[in-house]
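Structure first, then comments.
By convention here, the first residue in the shown sequence is residue 1. Quick note: numbers below take in every heavy atom, side chains included, and nothing from hydrogens, waters or symmetry partners.
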Amino acid sequence: MDISVVVPLYNEAESLPELAAWIERVMTEHGYSYEVLFVNDGSTDGSWKVIEQLHAANACMKGVNFRRNYGKSPALNTGFARAQGDVVITMDADLQDSPDEIPELYRMIKEEGYDLVSGWKKKRYDPLSKTLPTKLFNATARCVSGIKNLHDFNCGLKAYRSEVVKHIEVYGDMHRYVPYLAKVAGFTRIGEKVVQHQARKYGSSKFGLDRFVNGYLDLLTLWFQAKFGVKPMHFFGLLGSLMFLIGFIAVIVVGALKLYNMYHNHPYTLVTNSPYFYLALTAMILGTQLFLTGFLGELITRHAPDRNHYEISSELM
Ligand code: UDP
Ligand code: MG
């Protein structure tokens with residue numbers, strides 16, 4: 001099969017028939033063999049009924065029905081696991097992404113050798129309250145992930161070589177960082193294509209401004225996992241040692257200063273009267289705790305089932 005289109009959706013019943021017809025038109029025009037995987041993320045508006053009708057009319061329209069709402073990432077992950085096409089394309093269900101982009105995305109993966117091509121909604125039809133924070137979000141993501149050439153991490157329209165989606169796990173709210181996940185898994189040929197974007201026609205956006213707070217926290221998590229996932233002591237040990245050392249030196253200085261003053265009969269007070277004494281004490285306690293956290297982290301990763309999981313692309317034995 002040439003193409004699998006994975007469509008995560010939550011309460012998008014009005015958009016679905018239009019989207020399905022549009023995808024079908026593009027696919028038949030270009031003669032692709034294809035499937036469309038609608039992953040219904042616990043919709044309450046009869047979206048599943050619509051998907052059943054679409055499936056009855058055209059067997060290429062397939063569906064997975066979640067019993068409750070889990071989120072976009074779990075929906076994508078489920079679609080990825082089931083996708084059979086050589087190229088997997090993800091697309092939002094709200095008609096904001098245009099199926100007309102499919103042929104070019106497919107070509108870029110097949111002919112230009114990209115592992116992943118991400119859409120870039122260069123001209124957006126979203127409220128300013130969303131586009132402005134998005135700019136900041138993308139700049140941060142570029143910087144942390146080291147994928148310098150992407151302008152729009154969170155674009156719903158993306159194309160993947162089949163291998164890529166079979167080797168990454170999208171969970172929680174990590175759909176914002178699939179290119180980063182792919183990079184961590186060793187797929188580094190990541191490209192970008194400017195795509196058309198439309199204003200939402202039916203229904204409403206499912207994400208509020210909290211996406212930027214959560215997105216930022218998720219980015220930190222990914223960064224930490226990619227860098228220190230199996231060696232947490234390298235992170236906590238260094239921080240803890242530094243902290244402890246600063247505290248220790250400060251305590252020595254505070255103590256030595258008092259001894260010096262005593263010895264030379266200068267006026268002196270209790271060391272506990274000095275604010276530096278308390279700062280030093282706190283630094284030493286924090287340092288010890290960070291260090292212990294490192295040890296605990298090491299014990300935990302020692303038992304992680306995938307601590308010795310490596311992405312191997314080929315072998316000669
Ligand atoms: N979506 C989903 N589960 C959720 C929230 C959203 O599957 O819990 C789907 C939604 O139906 C849409 C896509 O994810 O197909 C993107 O959502 P939305 O259009 O609301 O996001 P925005 O365009 O505002 O970024
Ligand atoms: Mg949308």
### Query
So, is the end of the R68 side chain (NZ or CZ) under 6.0 Å from the ring centre of Y70 and within 45° of the ring's axis?
yes

### Query
How far apart are the closest heavy atoms of H167 and E163, and which atoms are they?
ND1-O, 2.7 Å

### Query
For F212, what residues pass the ring-ring contact (aromatic ring centres under 6.0 Å, His included) criterion, not counting sequence neighbours?
none

Only pairs under 3.5 Å count here: list side-chain donor-acceptor contacts from residues 269-281, not counting sequence neighbours, and write none if there are none.
residue: S274; atom: OG; partner: Y276; partner atom: N; Å: 3.1
residue: Y278; atom: OH; partner: T272; partner atom: O; Å: 3.1

### Query
Is the distance between the ring centroids of F236 and F291 under 6.0 Å?
no

### Message
Students often mix this up, so state it plainly: with edges at 30° and 60°, are the rings of W223 and F228 parallel, tilted or perpendicular?
### Response
perpendicular

### Task
Report the distance from atom CG of L37 to atom CE of M61, rounding to the nearest 0.5 Å.
10.5 Å

### Query
Between K201 and E18, is there a side-chain N and carboxylate O pair less than 4.0 Å apart?
yes

### Distance (rounded to the nearest 0.5 Å) between D173 CG and R211 CZ
10.5 Å

#### Entry: L76 side, atom CG; Y171 side, atom OH - distance, nearest 0.5 Å
14.5 Å

### Task
To the nearest 0.5 angstrom, please state how far the OG atom of S47 sits from the CG atom of N40.
5.5 Å

### Message
Using side-chain heavy atoms (C-beta onward) and a distance below 4.5 Å, is D2 in contact with M27?
### Response
no

#### Entry: Short side-chain donor-acceptor distance under 3.5 Å, N308 and Y310
yes

### Task
First locate atom CG of L181, then atom CZ of R176, and finally report the distance between them rounded to the nearest 0.5 Å.
12.5 Å

#### Entry: Check ion pair K121-D97 (N to O, under 4.0 angstrom)
no

### Message
Could you see if V117 belongs to whatever hydrophobic cluster contains I23? Use Ile, Leu, Val, Met, Phe, Trp, Tyr and a side-chain cutoff under 4.5 Å.
### Response
yes

#### Entry: Residues Y106 and E111: side-chain donor-acceptor under 3.5 angstrom
no

#### Entry: Shortest non-hydrogen separation from Y125 to A199 and the atoms involved
CB-N, 3.6 Å

### Task
Grab the two heavy atoms, one from E35 and one from R82, that are nearest each other, plus how far apart they are.
OE2-O, 4.1 Å

### Test: K135 cationic atom under 6.0 Å from F137 six-membered ring centre, within 45° of axis
no

#### Entry: Exercise: do E192 and S118 side chains pair donor with acceptor under 3.5 Å
no

#### Entry: hydrophobic_cluster_shared for V87 and I190, side chain cutoff 4.5 Å
no

### Task
Mind checking salt bridge (Lys or Arg N to Asp or Glu O under 4.0 Å) for E101 and listing every partner two or more places apart, or none if nothing turns up?
K193

#### Entry: Between CZ on residue F38 and CH2 on residue W48, distance to nearest 0.5 Å
10.5 Å

### Message
If hydrophobic clusters are built from ILVMFWY residues whose side chains come within less than 4.5 Å, do V194 and L157 share one?
### Response
no

### Check: Y160 ring centroid to F80 ring centroid under 6.0 Å
yes

### Query
Relative to the ring of F207, is the ring of H175 parallel (under 30°), tilted (30 to 60°) or perpendicular (over 60°)?
tilted

### Message
Any carboxylate oxygen within less than 4.0 angstrom of a Lys/Arg side-chain nitrogen, looking at R107 and E104?
### Response
yes

### Task
Please report the closest heavy-atom contact between L16 and V50, naming both atoms and the distance.
CB-CG1, 3.8 Å

